[in-house]
Colleague: 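What follows is a structure written as structure tokens; I'll ask about it next.
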Amino acid sequence: MSTLWGGRFQEPADDLFWRFHASIGFDIRLAQVDIRGSQAYARALQSAGVLTAEEAQQIQTGLEQVAAEFAANTFTLATSDEDIHTAVERRLHELIGPVAGKLHTGRSRNDQIATDVRLWLMEELPALAALLRALQQALAARAEDEIDVLMPGYTHLQPAQPLRFSHWMLAYFWMLQRDRERLQDALPRVRECPLGAGALAGNAYGIDREALAKDLGFEGVTHNSIESVADRDYILEVLAWAAILGGHLSRLAEDLVLWSSSEFGFVRLAERYTTGSSIMPQKRNPDSLELVRGKAGRLTGNLVTLLTVTKGLPMSYDTDLQEDKEPLFDSLDTLAQVLPVVTGVVATLQVVPERMRAALNEGLLATDLADYLTRRGLPFRQAHHAVGQAVLKSEQLGVPLSQIPLEEYQAISPCFGLDLYTVLDYQASVEARNSLGGTSRAAVLEQLRAARRVLESDTGDDLPA
Ligand code: ARG
């Protein structure tokens with residue numbers, strides 16, 4: 001087998017080892033960015049006087065043809081193609097002859113792969129940001145439509161206080177907004193060009209790295225050749241972003257799985273996002289959301305994989321780093337599937353306000369009753385205690401708070417008056433929470449306006465620098 005590095009070898013690589021070691025099976029998807037990197041590098045070599053204009057031109061034309069073969073799916077792999085870099089160079093050599101061998105002057109696959117992945121991320125991430133934005137749009141649209149629907153809110157999964165269903169939807173809007181911002185924040189560090197770092201020590205041919213970076217659409221260059229080939233922190237940031245986002249989506253999925261159960265019945269998933277059982281004819285399972293929930297494990301696993309691979313590696317490049325690509329590809333592919341599914345589920349979800357209403361019980365208004373006493377001058381701690389006694393009384397009498405006679409209330413605290421019963425109202429409860437970020441109608445509408453503003457402030461399909 002002919003390799004790029006065979007000069008000092010007397011024995012061919014072991015077959016099994018060769019297959020174990022080859023990365024072409026997955027780095028082939030970097031073909032186009034790899035070729036773009038090579039074209040820019042050839043221009044840089046020409047500017048540095050390493051290639052003549054004619055040689056540079058031959059290389060450009062050859063690389064264009066290789067790119068066209070990949071695009072048309074006519075590129076044929078050879079068993080000697082160890083990785084995408086060697087595959088491209090091997091084919092270039094077949095097309096233009098020995099001048100192809102000048103392209104790798106001063107370059108290493110170490111700076112090449114680091115460049116490829118960064119270029120690939122610069123291309124892929126905006127599409128994911130746009131998918132994320134589409135989900136936020138769906139949440140905002142539903143929040144607007146369902147503004148008058150009330151439901152029990154939970155802490156510890158115990159009924160806590162009444163909420164607007166819209167308020168719950170917008171909770172996810174803002175969690176996803178921070179995810180979109182996190183992605184944005186990570187970009188400047190992706191957009192640093194490592195090309196010219198060589199194997200680890202730098203480039204000996206006087207190439208203009210800044211011009212090269214600009215040519216490739218990077219914002220600037222990396223400043224140290226050693227870390228340029230050794231670190232993968234920009235990939236870790238993307239994987240961490242994906243894992244955090246996956247966690248948010250899994251919580252959204254879990255809320256809806258729970259609420260679509262017959263015991264809750266707060267929502268019904270559109271049939272198209274559910275499946276049946278092969279044995280139980282009555283079943284309609286929320287598989288779409290269960291899988292979204294499950295994918296969070298995978299996204300977290302990918303982050304942990306690369307954190308573990310990179311810890312304790314000796315400087316600088318080590319082949320362990322080749323393990324960065326599969327988790328990265330997997331996380332981004334996973335999100336590209338998960339995000340549109342969640343958007344579809346949210347957009348087609350049927351809300352069942354009667355079931356939410358039926359799940360409201362007066363216990364959810366105990367805080368309002370304590371607030372009532374507080375407004376009548378009782379310190380909150382005492383008010384809390386008094387209402388706790390009222391709740392106990394309601395349990396003992398087996399009646400809701402609104403059915404306990406006034407005398408009983410007044411025996412607990414003389415601060416209770418006849419108007420206490422007007423407080424025991426779900427609408428009044430949500431409307432009372434009207435400061436910024438609360439669940440009153442006005443506060444939720446204000447929140448929606450803020451949500452619309454952040455959606456309008458960027459298009460989502462291109463991430464500004
Ligand atoms: N396939 C390698 C990777 O993914 C790139 C080549 C690294 N250089 C080397 N000498 N093996 O990281």
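In listed order, ligands and their atoms are each counted from 1.
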Colleague: Among protein heavy atoms, which lies nearest atom 6 (C) of ligand 1, and at what distance?
Modeller: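 Atom 6 (C) of ligand 1 sits closest to the protein heavy atom Arg109 CB, 3.6 Å.
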Colleague: Among all protein heavy atoms, pick out the one at the shortest distance from atom 7 (C) of ligand 1; state its residue, atom name and that distance to 0.1 Å.
Modeller: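 Answer, as residue, atom name and distance: Tyr317 OH, 3.1 Å.
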Colleague: Under a 3.5 Å distance rule, please check whether Arg133 uses its side chain to pair with a backbone N or O of Leu455 as donor and acceptor.
Modeller: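 Yes, because the side chain of Arg133 sits within donor-acceptor range (under 3.5 Å) of the backbone of Leu455.
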Colleague: Could you tell me which atoms of ligand 1, counted from 1 in the order shown, lie closer than 4.0 angstrom to a heavy atom of Ile113?
Modeller: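 Answer, ordered by atom number: 3 (C), 4 (O), 5 (C), 12 (O).
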Colleague: With a 3.5 Å distance limit and no angle check, can you tell me whether Asp111 reaches the backbone of Ser108 through a side-chain donor-acceptor pair?
Modeller: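 Side chain of Asp111 to backbone of Ser108: a pair is present.
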Colleague: Does atom CD (Glu54) have a neighbourhood of more than 12 heavy atoms from anything else shown, all under 6.0 Å?
Modeller: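 No, the 6.0 Å shell around CD holds no more than 12 heavy atoms from other groups.
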Colleague: Can you tell me how far the CG atom of Leu45 sits from the CZ atom of Arg43, to the nearest 0.5 Å?
Modeller: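 If we round to the nearest 0.5 Å, Leu45:CG and Arg43:CZ are 11.5 Å apart.
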Colleague: One pair to check against ring-ring contact (aromatic ring centres under 6.0 Å, His included): Trp168 and Tyr154. What are the steps and the verdict?
Modeller: CA-CA 11 Å; Trp168 170 86; Tyr154 300 84; over 10 Å; no
Colleague: Is the shortest N/O to N/O distance between Arg232 and ligand 1 below 3.5 Å?
Modeller: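 No, no N or O pair falls under 3.5 Å.
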Colleague: Below the 3.5 angstrom mark, is there an N/O of His85, backbone or side chain, next to an N/O of ligand 1?
Modeller: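 N/O-N/O distance below 3.5 Å does not exist for this pair.
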Colleague: Distance to 0.1 Å, residue and atom name: give those for the protein heavy atom nearest to atom 8 (N) of ligand 1.
Modeller: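 Result: Asn110 OD1, 2.7 Å.
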Colleague: So does Arg251 get a backbone contact from the side chain of Tyr172, meaning a donor-acceptor N/O pair under 3.5 Å?
Modeller: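 Side chain of Tyr172 to backbone of Arg251, a donor-acceptor pair under 3.5 Å: yes, one is there.
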Colleague: To the nearest 0.1 Å, how far is atom 4 (O) of ligand 1 from its closest protein heavy atom, and which atom is that?
Modeller: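 Ranking protein heavy atoms by distance from atom 4 (O) of ligand 1, first comes Lys325 NZ, 2.6 Å.
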Colleague: Does the structure place the NZ or CZ of Arg29 under 6.0 Å from the centre of the six-membered ring of Phe329, at an angle of no more than 45° from the ring's axis?
Modeller: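 Flagged: Arg29 positioned over aromatic ring of Phe329.
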Colleague: Which of the atoms in ligand 1, numbered in the order shown and given with their element, are less than 4.0 Å from a heavy-atom of Ser23?
Modeller: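 Matching atoms, with element in brackets: 1 (N).
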Colleague: Kindly identify the option in Gln322, His21, Gln112 whose heavy atom sits closest to atom 1 (N) of ligand 1.
Modeller: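 Result: the heavy atom closest to atom 1 (N) of ligand 1 is in Gln322.
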